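Everything below concerns the one structure shown next.
Count residues from 1 along the sequence. Every value quoted in this text rests on a predicted model; they were computed, and no experiment measured them.
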Amino acid sequence: PLSKFLVGGKMKFQGIGATVAGLPLADFTGTASFDERRIDIPNLSGKVADGRLEMDLSVKNYRAEPYVDLAATLDRFDLGKYLTAKAALAAQQKEKAQKKEAKTGQESKPAPPLSMRGRFTVGELRHPNLTAKDVKAYWDLSGLTPDMKSLDGSAKLSVAGGNFNNIGKLATQSPLVKVLIFPLLVIQKIGGLGGIRIFPDFNNIAFTEIVGDYSFDKGVMTVKDTHLFSDAAQVQSDGTINLSTERLDLTVTAQVGRVAPMDIKVTGSFDKPVTKSQVGKFIKDLFQRAPGQ
């Protein structure tokens, strides 16, 4: 019956391409099978900009509350082009929704919560403000909505090395990137003590490792084993971030050279963090170390 129609099938495609908000997609080849319960696209290959993509994708319950299972690898990924395309696409969707609301007088229904599980590996990641190699990400999330209020699950990230420049600008382009590099932004904001610059400005640094281990409970992210090792300083952080309100309750530990680590308590919000430095032991160690140490 038309009121409860079922659809199913299998489709092979080869050499498919498109340009999505300025992002070129090319040479996509694979097989898709689908019915009213799920969509499966195993062994999909293609190019995203100049990077080669290999992916297995499954979407369950796509007509109600989608569950996405993804495994993908890219030899090169241009994060800058991707973020630009994502922002342009979001603007187009917002404009379309506003026009529809003005025409019908009805507000658009919010998208249903999304659940996602997956792993993503990138050999070389590029951005005007970042280069990185051997990037690996894993996640198992549920309740994913734009306001992040119902987000539950876990995620992990590891990066084998690379460099940052102008990290403040990078943080404005992606909430996820902002979360990952927030400890550096805190250290950059503090800069020095008593008019003496203690920490580097982190605007042009090379790093040897980034590790992030996060859990989520009703929109609150717990930062667990998270650190960045660089030629400028070693920075670690733990605590919680409320993703919907952007309220912070973190402890950032920074070490420059062989000077004793310094703990910085961070509260407030992303845009207006409030920091309280435990400077006593740090200052004592800084000025009492013997020459050459």
Between Leu228 and Phe164, does a side chain to side chain contact (heavy atoms under 4.5 Å, CB included) hold up when you go through it step by step? CA-CA 12 Å; Leu228 180 145; Phe164 286 113; 3.6 Å; yes

If the plane angle is over 60° it's perpendicular, under 30° parallel, otherwise tilted; pick one for Phe77 and Tyr82. tilted

Here the gap from Gln98 atom CD to Glu95 atom CD, rounded to the nearest 0.5 Å, amounts to 7.5 Å

Not counting sequence neighbours, which residues clear side-chain contact (heavy atoms from CB on, under 4.5 Å) with Lys10? List them please. Thr31, Ser33

Residues pairing under ring pair (Phe, Tyr, Trp, His ring centres under 6.0 Å) where one sits in residues 215-248, two or more places apart or in two chains, turn out to be His227-Phe229

Passing candidate, side chain to side chain contact (heavy atoms under 4.5 Å, CB included) with Val266, options Val274, Asp249, Val252, Ile241: Val252

In the single-linkage hydrophobic clustering (I, L, V, M, F, W, Y; side-chain heavy atoms under 4.5 Å), do Val220 and Leu141 co-cluster? no

Do the non-hydrogen side-chain atoms of Phe120 and Leu74 ever get within less than 4.5 Å of each other? yes

Residues forming a side-chain contact (heavy atoms from CB on, under 4.5 Å) with Asp50, sequence neighbours excluded: Arg76, Arg126

Do you know the tightest heavy-atom contact between Asp35 and Arg37? OD1-N, 2.8 Å

Taken in chain and number order and not counting sequence neighbours, the residues that satisfy side chain to side chain donor-acceptor pair (under 3.5 Å) with Asp140 are none

Got a sec, which residues hit side-chain contact (heavy atoms from CB on, under 4.5 Å) with Val159, two or more places apart in sequence or on another chain? Ala132, Val135, Leu157, Phe207, Ile210

Same cluster for Val235 and Val211 if Ile/Leu/Val/Met/Phe/Trp/Tyr side chains link at under 4.5 Å? no

Do Asp238 and Thr251 pair up side chain to side chain, a donor and an acceptor below 3.5 Å, judged on atom types alone? no

With rounding to the nearest 0.5 angstrom, report the CG to OG1 distance, Asp78 to Thr84. 8.5 Å

So Lys265 and Leu250, do their side chains get closer than 4.5 Å, heavy atoms only? no

Checking Glu246 side chain against Asn242 main chain: does a donor-acceptor pair fall under 3.5 Å? no

Can you name the salt bridge (Lys or Arg N to Asp or Glu O under 4.0 Å) partners of Asp75, sequence neighbours left out? none

Test item: Tyr214 and Thr222 side chains (from C-beta on) under 4.5 Å apart, heavy atoms: no

Scanning both residues in full, the closest heavy-atom pair of Ala32 with Ile41 reads CB-CG1, 3.9 Å

So, do Ser142 and Pro113 sit near enough that their side-chain heavy atoms are less than 4.5 Å apart? no

Rounded to the nearest 0.5 Å, the NZ atom of Lys96 sits from the CD atom of Gln93 at a distance of 8.5 Å

For residues 56-65, the salt bridge (charged side-chain N to carboxylate O under 4.0 Å, His left out) pairs (sequence neighbours left out) are none

Does anything in residues 146-164 pair up under side-chain hydrogen bond (donor to acceptor under 3.5 Å, both in side chains), and if so which pairs, sequence neighbours excluded? Thr131-Asn163, Thr145-Asp147

Smallest separation among heavy atoms of Ser269 and Lys272, with atom names: OG-N, 3.1 Å

Looking at every heavy atom in both Pro128 and Gly80, which two are closest together, and how far apart are they? CD-CA, 4.1 Å

Nearest non-hydrogen partners of Glu36 and Tyr62, listed with the distance: CA-OH, 3.7 Å

Hydrophobic cluster membership, with links at side-chain heavy-atom distances under 4.5 Å among I/L/V/M/F/W/Y: are Tyr138 and Val68 in one? no

Show the atom names and distances, to 0.1 Å, of all donor-acceptor pairs under 3.5 Å that link a side chain in residues 18-30 to residues at least two apart or in another chain.
| unit_1 | atom_1 | unit_2 | atom_2 | d |
| --- | --- | --- | --- | --- |
| Thr29 | OG1 | Gly15 | N | 3.3 |

Heavy-atom side-chain contact between Tyr67 and Asn61 under 4.5 Å: no

Is the closest side-chain heavy-atom distance between Leu57 and Leu44 below 4.5 Å? no

Atom pair NE2/CG of His127 and Asn165 - distance to nearest 0.5 Å: 9.5 Å

Tell me every residue that passes salt bridge (Lys or Arg N to Asp or Glu O under 4.0 Å) with Arg119, counting only those two or more places apart in sequence or in another chain. none

Return the set of residues passing salt bridge (Lys or Arg N to Asp or Glu O under 4.0 Å) with Arg247 (not counting sequence neighbours), or none when no residue passes. none

Residues two or more places apart in sequence or in another chain: which of them pass salt bridge (Lys or Arg N to Asp or Glu O under 4.0 Å) with Arg52? none

